[in-house]
Amino acid sequence: MSQYKPSEIEPKWQAAWDKAGTFLAKRDAARPKYYVLEMFPYPSGRIHMGHVRNYTMGDVVARYKAAQGFSVLHPMGWDAFGMPAENAAMERGGHPKEWTYSNIAEMRKQMKPLGLSIDWSREFATCDPEYYGQQQAMFIDMMAAGLVYRKAAVVNWDPVDMTVLANEQVIDGKGWRSNAAVERRELTQWFFKISDYSGELLAALDGLTNWPDKVRLMQANWIGKSRGLQFAFTTTGAPDGFDRIEVYTTRPDTLLGASFAAISPDHPLAKHLERHDTKVAAFVAECRRGGTTAEALETAEKRGFDTGVRVLHPFDTSVELPVYIANFVLMEYGTGAIFGCPAHDARDFEFATKYGLPIPSVFVALDAEDAALTEVFSPMKSERVRYIRGFAGAEVQTGDEAVTAAIAFCESKGVGRGVTNYRLRDWGISRQRYWGCPIPVIHCASCGVVPEDKANLPVKLPDDVTFDIPGNPLDRHPTWRQCTCPKCGADARRETDTMDTFVDSSWYYARFTAPHASTPTVAEDAAYWMNVDQYIGGVEHAILHLLYSRFFARAMAKTGHLPVTAIEPFNALFTQGMVTHEIYMTRDDAGRPVYHFPEEVGNGTLTATGETVEVIPSAKMSKSKKNVVDPVSIVTTYGADTARWFVLSDSPPERDVEWTASGAEAAARHLGRVMRIATDIAGLTDNGPGQDDAGLRRALHKTIQDVTMGIESFGFNAAIARLYGFTNLLARSEAGTAAKQDAVRVLAQLMSPMTPHLAEEIWSMTGGVGLIATTPWPKADPALLIDDNVTLPIQINGKRRSEITVPKDMAIPDVEKLVLADDAVARALDGAVPRKLIVVPGRIVNVVV
RNA sequence: GCCCGCGUGGUGAAAUGGUAGACACAGGGGACUUAAAAUCCCCAGACCGGAAGGUCGUGCCGGUUCAAGUCCGGCCGCGGGCACCA
């Protein structure tokens, strides 16, 4: 009797797939296509269990769809630019390029033994010049299409490392590396005009019905559509050219509660005053200090500076309101100026209280209780408040209806107009970093900013750079910046900013359709393979990556790099949960926590010392907590199929799954059991003709049905539970029947998306023809899905009291007779007369007393 | 503060409005074995009972329904997203 030896069969079948070219994706007009994609990894150097789970899910879908007859594209690549490579270079020397490519080689080596059905011929890294050169070509096309521009923008600036920091890299107002207080600095940066698409990106979310609602909602909130009134205050005492100040408000219904106006420190009027008044300059400079992070803003005190300028209330020009420069007003949203209504806005209330400004309420109380509410601070959404002062004494609703009514009223009086605003801002892509895609632009003294000639692409990163001093190595490179202007031929200088790495990942899915082409995409390939039919990845990318990709696909369509039918690149999205593990901790003499790897712990104690460990509930695997299991050692110990089987079982794919040693053992045990059953069958040659096992055959077809549905609906855990159940039945079933013989081979087919090596082995040893990977998916026979007899539970007033077994199509009156004749029913009724019998055919019977 | 999701045995979890707890882990019992490992079989929501059977049970309170884990309303708890966005 042969044993289950994954270390022997897994390499064998991987070699067989390789040799046959089983997973090479081919354009095939005769077959429908299916494009499965998992979010590509950052080449950190080691794969982790999260990767295993992500790619296994994608692989299940890819293999299943292939068996269904689709021409499948299932590629893999590397999101290879980014700061970790530069940090590694700074910390331990070496070059980001070497670090990155050796990490890729290492991770590919770790990934291949998983037996994923990937078309490796399409592999690329975003740091390949062949890739980023095409990205540069698209950048130039996007410039021509008006989707790219430069502007001065406020950024987080680290004065020690001399670079822009992303908000995530600012911790408590300090640079994460330098620990220096981050400044808000205005720099000229490159931007993509994603805001041109705000409305469309929002509206099109409705069509993404195969995306999680959660993700669509997060994107909708991020785009942040609001409806409001924009109008101009007339000023008095303002400098020339500032006789009007435009403001935007979503609460025009509170306009009569205006008590002041406030402008951003970055507002043109503030900038003007700054030049003529040292006190203003000092205040504005003060505002610019401190980060732009949420934390920094959260704790910041509201501060204002009275400019001396006054504005007239649009409805009552006898009322003058002071104009403040206020630190909480953002230049980036609306018009960078607001009217303050302290009675109905918490922020304005705080400000008005601090500066002793009046707090007029716009609501007229209906009764004493209303009066108490409106006296000082009316809640904005109070349902109690029904009248608004000034709007013709009309009874006005609260909330959206009030806003709509107020906009209409204001427009009728010639005060402003209703406008729609979005929170989504243009995408700042400039990074003062080396390890990224160079922005292919040239600064010429006479021609200005000029795109590089496409013939000169790729604009390659220079290799001879150093990281021993802070700042951008491209800036200080002796020769790299020097070039000639493509327009006039004069000496010019290259742009030294590189692109945000999110640009790289915004179109890689399209590149996979023609990964080695000399243009970004190839029309026929893009037309055939796009869109991605199923995209799988972590929910942490719900907003940025997925929103940028949706924008980029539109930009590519506009510049002719994608068909216009591919502006929504991902037809279906699935966001999978994390792999977690318990944390094992002891304490050192000083009481500080000391963490231990799972393999150092057994039975709640440290294997080496016998010391008892504290078990902290399961959490995301992290190196610092040492609650990690290494996929490589799992594959070595148990085999890839066991790792794959286990990460799919137990928990629904969208939820976190806890890795446990006992769970992995159980998975391995089960696969061994399946192999034993198959081996027993394979040894039998004398299946008596005509022998059958109708029960087993029915169970098999129900299993086909359930597993198929399970895979289709991402219910992998439920599909696996059905496979367990069927295996239990199979193990107990009578030996030597034709049904059992068939069942083993179909079981192998049903398991093949999850445990492909085991499935191939069983297939070949039970006489299967060809590779199971290219064998059509089994079909359930509908006739076998319904039993001849059904067991109906009998409820009395909704409580289960008995059950009867009847032929599946027995007439309802006959069922009723049997129910009333049932002993247990009679006992439970105890002489009571049923008022009604509800028979749900094939389901249940309820006797109502 | 605003928006969203989720609460089921000791644990991970199943369950088109129709027998709650499938499947698995951990646990208990048994077979095989000189013994162990491996394997195989059985038990297992709680409470009462020898059993048959009964009562309770899907966070809490109420509602709709012949029937609610599932639908509706209100609470409580946990988790996630956004957040000086005017």
Side-chain angles (χ1 to χ4, degrees), chain A residues 3 212-222 224 226 228-229 247-252 254 262 264 294-302 326-330 332-341 344-348 350-351 380-381 421-425 539-540 542-543 580 618 646 649-652 654-658 660-667 669-670 672-673 676 706 709 715 717-728 731-732 791-803 824 827-828 834-840 842-849:
Chain A
Q3 282 177 300
D213 289 342
K214 181 175 61 173
V215 173
R216 292 197 286 172
L217 201 77
M218 280 162 71
Q219 292 216 354
N221 289 340
W222 186 263
S226 73
L229 179 78
V247 299
Y248 173 73
T249 176
T250 57
R251 294 298 310 282
T254 65
S264 164
E295 290 85 356
L297 296 170
E298 179 73 20
T299 49
E301 192 192 351
K302 305 229 171 338
N327 63 342
F328 65 91
V329 180
L330 305 172
E332 297 87 353
Y333 187 76
T335 61
I338 62 160
F339 83 85
C341 178
H344 307 289
D345 181 280
R347 226 178 10 200
D348 295 347
E350 189 188 332
F351 189 83
M380 288 164 61
K381 286 185 177 168
N421 242 315
Y422 297 92
R423 278 183 24 186
L424 183 66
R425 295 182 216 162
V539 74
E540 67 272 19
I543 298 173
T580 66
S618 213
F646 180 64
S649 59
D650 281 0
S651 287
E654 69 275 14
R655 237 180 277 179
D656 293 349
V657 64
E658 185 185 29
T660 60
S662 57
E665 291 279 357
R669 215 161 43 227
H670 178 72
R673 187 176 183 222
R676 269 194 305 282
D706 290 352
M709 296 302 290
N717 57 324
I720 283 179
R722 295 292 299 139
L723 289 167
Y724 266 110
F726 182 70
T727 306
N728 290 340
R732 281 179 226 132
T791 299
L792 299 178
I794 302 172
Q795 296 182 332
I796 292 173
N797 287 339
K799 284 191 196 303
R800 185 186 174 283
R801 293 300 178 196
S802 183
E803 62 180 35
R827 219 182 313 126
R835 279 194 294 128
K836 198 161 137 194
L837 254 70
I838 293 158
V839 177
V840 185
R843 277 271 173 210
I844 201 165
V845 179
N846 196 4
V847 181
V848 186
V849 183

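A note on names: the letters A, B, ... follow the listed sequences, proteins ahead of strands, and every chain is numbered from 1. The figures that follow rest on heavy atoms only: side chains count, while hydrogens, waters and symmetry mates do not. Not measured: the values here are computed from a predicted model.
Nucleotides of RNA chain B nearest to A/Gly336 and A/Gln795 differ in position, and the one nearer the 5' end is that of A/Gln795. Comparing A/Tyr333 and A/Val539 by the nucleotide of RNA chain B whose heavy atom lies nearest to each, the residue mapping closer to the 5' end is A/Val539.
Residue A/Ala718 is classed as having no contact, given no heavy-atom separation below 4.0 Å to the nucleic acid. Contacts of A/Val840 with the nucleic acid, taken as non-hydrogen atoms under 4.0 Å apart, include base atoms. Residue A/Arg673 is in sugar-phosphate contact alone, with no base atom involved, counting any heavy-atom pair closer than 4.0 Å across all strands shown. Nucleic acid contact for A/Val845: none, since no nucleic acid atom lies under 4.0 Å from a heavy atom of the residue.
We find that CG of A/Asn717 is positioned 9 Å from P of B/rA13, with the value rounded to whole Å. Rounded to whole Å, the distance from CD on A/Glu332 to C1' on B/rC84 is 12 Å. The separation between A/Arg827 atom CZ and B/rG53 atom C1' is 8 Å, rounded to whole Å.
The base of B/rC82 has none of its N or O atoms less than 3.5 Å from a complementary donor or acceptor on the side chain of A/Asn221. In the interface, the side chain of A/Arg732 is not paired with the base of B/rC40 through any donor and acceptor atom under 3.5 Å apart. A donor N or O paired with an acceptor N or O is not found under 3.5 Å between the base of B/rU39 and the side-chain atoms of A/Arg669.
Here B/rA26 sits opposite no nucleotide as a Watson-Crick or G-U wobble pair (both hydrogen-bonding atom distances under 3.5 Å). Across all strands shown, B/rA46 forms a Watson-Crick or G-U wobble pair with B/rU55, both key distances being under 3.5 Å. Across all strands shown, B/rC6 forms a Watson-Crick or G-U wobble pair with B/rG77, both key distances being under 3.5 Å.
For the residue pair A/Arg655 and A/Asn717, no side-chain donor N or O sits within less than 3.5 Å of a side-chain acceptor on the partner. Side-chain contact check for A/Glu658 and A/Ser618: at least one donor-acceptor pair (N or O, by modelled atom type) lies under 3.5 Å.
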What N/O pairs connect the protein and nucleotides 4-12 of chain B at under 3.5 Å? Give each pair on its own line.
| unit_1 | atom_1 | unit_2 | atom_2 | d |
| --- | --- | --- | --- | --- |
| B/rG12 | O2' | A/Ser651 | OG | 2.8 |

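Using the six-membered ring where Trp is involved, A/His670 and A/Tyr724 have ring planes that are tilted, between 30° and 60° apart.
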